[in-house]
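So the structure is just underneath, and the comments pick up after that.
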Amino acid sequence: MRKYTIFLDSKRCIGCHACEIHCKTKNRLPVGPFLCEISHKPLVSVKGVPKTMFHFRSCYHCEEPFCVPVCPTGAMQKREDGIVFVDQVKCIGCMACVGACPWGIPQYNPETGKVVKCDYCLDRVDQGLKPACVTKCTTHALKFVEFKEIQ
Amino acid sequence: MKKTVWSMCGMCSVRCPIRVEVEDGEITWIEGNPHILKRALCAKGAAGVALVKDDERPQQPLLRVGGRGAGRWDAVSWNTALEYITEKLTGIIQKHGARSVMLSCRGGPFMDLFKTFIHGLGSPNFTNHDSGCGRNVHHASKSVYGLGRKDFVYDIKNARHLVLFGRNLFEAFRIAEANQVLDMLDAGGRMTYVDVRQSTTGLKATRFFMVRPGTDYALALGMIHAIIKKEYYDKAFIEKYVNDFDALVSFIEPYTPEWAAKECGIKPKGIHDFAEEVAMDRPRVIFHPGWMLARYRDSFYSSRALHILNVLMGNIEVKGGQIFAKGPGDYGQKGLRSLDAQVPKPSERRADGVGWKYKHFDKGPGLFHLFYNAMLTGEPYPIKALFCYRHDPFNNFPDPQAQKEALDKCDLLVSIDTHYSEFGWYSDVILPESCYLERESMVATQKGPSPRFIVRQRAVTPRFDTKPCWEIFKLLGDRMGIGKYFPYNSIEELWRWQLEPTGHNIEEFNEKGFISLADKPILFDRDNLEGRFKTPSGKIEIISQVLTDAGLPSLKPYESPHAPPKGQFRLVFGRSAVNAHGHTINNPLLFELLPENTLWINKREAGKLGIQEGDWVEVFANGATGTIRAHVTEFIHPEAVYTIHGFGRQVPLQTRAYHAGMSDQKLQRGLLQEMDPAGGGLCLCENFVTVHKSSRNLVRRVEL
């Protein structure tokens with residue numbers, strides 16, 4: 001059962017792209033892969049003010065991920081709490097997961113020759129902390145949300 | 001072993017407080033100070049890790065061996081470089097006197113050290129970047145309140161309405177301020193945004209005026225008219241604290257909202273509705289007087305009008321308004337000991353004329369661009385040596401070519417910086433400073449509703465043969481025989497010396513990264529502000545005594561800006577959230593986000609020129625050219641084209657930034673001495689350019 005998601009309060013987001021760099025520095029990524037991304041649609045005028053909304057995208061951590069079963073080494077895994085992650089020791093960089101994911105979420109890390117993807121900074125989550133992008137969001141627009149079952 | 005280092009960001013000039021985690025000598029995590037910023041950090045701040053790892057920065061002192069700007073350097077020891085500077089400088093001082101030496105820096109809280117060096121040598125010629133930035137705002141503030149722009153802080157969080165004239169505070173942002181604005185909006189506050197294009201800030205606005213470029217002053221006058229005529233201003237406040245209000249009432253008569261709307265190209269109803277709103281929101285309305293307003297010929301008067309609008313709101317020293325910035329003294333505490341205060345003040349007149357020829361300008365940093373006149377003409381006396389610390393005049397001021405012609409009259413140009421500045425590339429000596437994560441800085445005071453002492457501590461040891469500025473200036477001082485003004489041998493000794501009168505010690509920074517000087521912010525008694533305004537009359541001055549004495553009007557009649565000649569556009573520029581002007585463009589992580597700037601052009605105008613989104617275009621101005629990709633949008637005024645400042649760098653050793661994008665200041669030909677006579681700021685947007693679709697767009701290919 002999926003336990004977490006990242007929510008963007010679009011009203012607070014100023015499209016500063018800091019989350020992308022927080023992610024890259026925390027995960028020590030070289031130039032190339034981005035594990036999360038801020039985007040926006042073209043501006044439209046709303047009551048005289050040109051407006052747009054910012055969107056945040058990282059991995060969707062699917063209930064039934066396409067990337068997990070195609071992995072030949074079992075490196076791509078899904079945890080009980082729903083976080084889909086790559087075991088860097090087992091990954092051989094075959095890119096099967098890259099082809100399987102309809103959204104192009106897993107990416108090749110040219111420095112390690114392996115695949116990287118958003119895992120909600122699971123080492124931080126396991127310490128009771130929040131993902132890097134959420135922790136350091138410039139305007140506190142990103143929220144790390146924990147799903148709870150309603151009785 | 002993991003350790004926490006409390007420090008201060010150095011990616012831009014905001015200097016946000018940061019907490020750095022270091023493991024085995026490597027930085028693993030940087031976040032905003034949790035006590036102040038709740039860990040928030042921007043993209044630039046996060047990319048500090050890449051700055052440390054970047055090899056494309058000066059790694060040891062460099063001495064020029066070829067012609068200036070040719071890029072041939074000898075890598076030398078610190079000893080050799082300092083000896084070279086000492087010998088040259090001694091010769092210059094013997095021949096032309098100490099006054100022929102000048103020093104410039106970006107400004108900021110650590111100027112004490114640099115002032116000490118230049119004043120210690122016996123020269124009054126300390127300056128900074130501000131005539132290409134906020135001088136107009138500062139001088140406008142002084143002319144109204146007798147206080148500088150930094151003598152007030154804005155309590156935006158508690159405001160009901162924030163009015164921004166091009167102050168793009170979500171792209172040229174300070175983290176704490178941006179959060180205050182969003183908190184205000186979340187609480188139902190309003191934001192009015194005025195610009196010649198839509199920016200990220202404007203996206204969040206509740207009211208947006210897209211005005212004709214150069215008409216900010218007209219809109220501000222129209223607003224003053226609407227507010228005065230409907231008597232929406234704070235009469236009691238004005239009665240008590242303001243001189244010559246009647247002069248404003250009669251001056252404003254012709255500048256009706258209808259007139260302003262026509263001049264700006266907007267609807268008059270917008271101004272009337274706006275006035276109704278501020279009448280409801282007063283006094284918790286803040287008119288931001290501008291940040292970088294070295295733009296138009298009347299930017300000083302625009303800013304002055306915005307200061308006056310704040311006065312009409314009576315927003316001084318109230319919650320949600322402008323609050324006097326408090327220092328240690330306001331809380332009964334002693335301030336830091338100053339190095340510069342130990343140095344006898346040079347009696348010589350400044351070479352930029354500030355203080356004697358131009359008595360209405362603030363003597364502190366004077367006006368950098370006027371030193372170029374002294375270099376060229378030798379009047380009032382020659383300038384022969386220039387030190388630039390953390391300042392790149394070629395990226396800051398217009399027309400680098402004209403600057404080079406003046407600099408060629410100098411015998412010594414020294415750049416002290418963490419990166420290759422464009423000026424550094426043209427200089428004689430580059431002294432490499434350790435980057436902000438590799439160095440300490442002096443203790444500084446941060447004024448505000450709750451003043452603090454702040455300090456930068458070293459997170460990691462320098463990767464290259466670089467030094468921190470406190471050591472560089474001490475070494476130079478020792479060699480120049482003014483070592484007594486640098487009474488320390490280590491940063492710890494300097495901190496102790498600075499802090500001694502305050503009763504605090506450096507270890508106190510280890511708890512939260514700063515020393516708080518106030519338990520709770522205080523407001524002065526608003527009914528007893530007498531003596532707080534430092535104008536000659538002690539009141540808020542609608543007619544400034546200082547301006548009158550200088551033969552300048554305080555309320556300048558409006559003059560309509562020239563429309564660009566047919567086929568031309570006004571070139572305007574601004575900031576992006578991911579770069580701090582030119583000096584972060586080459587950062588590998590930031591470069592990946594924004595590898596080049598684009599030229600925003602109005603959709604209809606682009607159509608006439610056959611320009612489509614993403615096309616290469618050539619931009620011409622007075623013999624200078626640039627090539628850039630077009631961004632076609634309806635959300636920019638047809639008279640303007642816009643680009644992000646800082647690109648088009650020409651330092652070959654910065655392989656990423658080299659020739660990436662287009663430089664706006666290289667197109668600002670002939671603007672180096674276009675100064676607002678009242679504000680001292682340069683007029684960088686008084687620049688018309690021609691735009692053509694580039695021949696580079698052809699895609700035929702005949703090669704294999």
Side-chain angles (χ1 to χ4, degrees), chain A residues 8-54 107 110-111 121 123-124 127 129-144, chain B residues 16 26-32 34 37-50 169-171 173 175 178-179 181-183 185-186 191-193 197-210 266-267 270 576-578 587-594 633-635 656:
Chain A
L8 176 70
D9 177 356
S10 187
K11 266 174 78 184
R12 280 193 83 92
C13 178
I14 57 168
C16 74
H17 297 266
C19 46
E20 297 172 4
I21 304 295
H22 295 320
C23 170
K24 290 197 73 145
T25 50
K26 190 267 167 189
N27 293 302
R28 300 180 176 218
L29 298 179
V31 168
F34 278 90
L35 307 192
C36 66
E37 192 176 61
I38 288 283
S39 61
H40 70 274
K41 295 231 164 67
L43 277 58
V44 283
S45 196
V46 181
K47 291 183 192 164
V49 184
K51 294 265 181 190
T52 186
M53 298 269 275
F54 290 104
Q107 287 166 61
E111 221 161 59
C121 296
D123 54 325
R124 289 181 59 83
Q127 292 172 61
L129 302 168
K130 291 169 182 167
C133 55
V134 174
T135 308
K136 301 197 267 181
C137 170
T138 311
T139 59
H140 310 290
L142 285 172
K143 315 274 180 213
F144 191 52
Chain B
C16 291
E26 203 183 334
I27 295 167
T28 51
W29 181 262
I30 308 177
E31 64 182 12
L37 298 175
K38 296 184 192 150
R39 305 184 200 280
L41 190 66
C42 76
K44 298 171 293 239
V49 183
L169 45 64
F170 289 151
E171 286 181 281
F173 67 86
I175 295 174
N179 277 291
V181 178
L182 291 162
D183 290 348
L185 292 170
D186 276 350
M191 183 162 85
T192 295
Y193 187 71
R197 64 165 191 124
Q198 179 59 309
S199 69
T200 306
T201 311
L203 293 178
K204 311 284 182 191
T206 46
R207 184 178 296 285
F208 174 63
F209 290 117
M210 192 199 280
I266 57 173
K267 291 186 180 126
S576 126
V578 305
N587 182 294
L589 287 174
L590 299 177
F591 186 77
E592 192 182 13
L593 287 182
L594 188 66
T633 169
E634 60 194 282
F635 301 108
R656 293 169 288 270

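In what follows, chains are A, B, ... by sequence order, proteins preceding strands, each numbered from 1. None of the values given here were measured: they were computed from a predicted structure.
In this structure, the portions of A/A132 lying under 4.5 Å from any heavy atom of chain B include both its backbone and its side chain. Residue contact with chain A, scored on non-hydrogen atoms closer than 4.5 Å, involves the side chain of B/F635 exclusively. With a 4.5 angstrom heavy-atom cutoff, B/K38 touches chain A via backbone and side-chain atoms both. Neither the backbone nor the side chain of B/F591 comes within less than 4.5 Å of any heavy atom of chain A. Proximity to chain A (any heavy atom under 4.5 Å) is shown, for B/L594, by neither the backbone nor the side chain. Of the atoms belonging to A/V44, it is backbone heavy atoms, and not side-chain ones, that fall under 4.5 Å from chain B. Contact of A/K26 with chain B is made through the side chain alone, with heavy-atom distances under 4.5 Å.
Closest approach of A/P50 to B/Q198, counting heavy atoms only: O-NE2, 2.8 Å. The minimum heavy-atom distance between B/A40 and A/T138, with the atom names listed, is CB-O, 3.3 Å. Closest non-hydrogen pair, A/L29 versus B/L589, comes out as O-CD2, 4.5 Å. Nearest heavy-atom pair across A/C16 and B/V578 is O-CG1, 3.4 Å. Across all their heavy atoms, B/L41 and A/A18 have their closest contact at O-CB, 3.5 Å.
In terms of heavy-atom pairs under 4.5 angstrom with chain B, the leader among A/K24, A/H22, A/K47, A/H40 is A/H22. Ranked by heavy-atom pairs shorter than 4.5 Å toward chain A, the options B/V181, B/L590, B/I30 are led by B/I30. In terms of non-hydrogen atom pairs under 4.5 Å with chain A, the most contact-rich of B/A46, B/A577, B/P34 is B/A46. Listed options A/V46, A/T52, A/L43, A/T25 were ranked by heavy-atom pairs under 4.5 angstrom with chain B; first place goes to A/L43. Interface summary for chain A: among B/D186, B/D183, B/L203, the most heavy-atom pairs under 4.5 angstrom belong to B/L203.
One finds the SG atom of B/C42 at 12.5 Å from the NE2 atom of A/H17 (value rounded to the nearest 0.5 Å). Within the model, atoms CG of B/L182 and CZ of A/R12 stand 4.5 Å from one another, a figure rounded to the nearest 0.5 Å. From B/K204, atom NZ reaches atom OG1 of A/T139 across 7.5 Å, with rounding to the nearest 0.5 Å. Separating the NE2 atom in A/H140 from the CG atom in B/N179 is a distance of 4.5 Å, to the nearest 0.5 Å. The distance from the CZ atom of B/F208 to the NZ atom of A/K51 is 10.5 Å, given to the nearest 0.5 Å. Note that the CD1 atom of A/I14 and the CG atom of B/L169 stand 9.0 Å from one another [nearest 0.5 Å].
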(request) Report the C-alpha separation of A/I21 and B/V49 in whole Å, then their side-chain angles, then the decisive distance to 0.1 Å, and conclude whether the side-chain contact (heavy atoms from CB on, under 4.5 Å) test is met. (result) CA-CA 10 Å; A/I21 304 295; B/V49 183; over 6 Å; no
(request) Take A/V49 and B/T206 through the test side-chain contact (heavy atoms from CB on, under 4.5 Å) and record every step on the way to the result. (result) CA-CA 7 Å; A/V49 184; B/T206 46; over 6 Å; no
(message) Working note: A/E20 + B/E592, criterion side-chain contact (heavy atoms from CB on, under 4.5 Å); need CA distance, chi angles, decisive distance, verdict.
(response) CA-CA 11 Å; A/E20 297 172 4; B/E592 192 182 13; over 6 Å; no
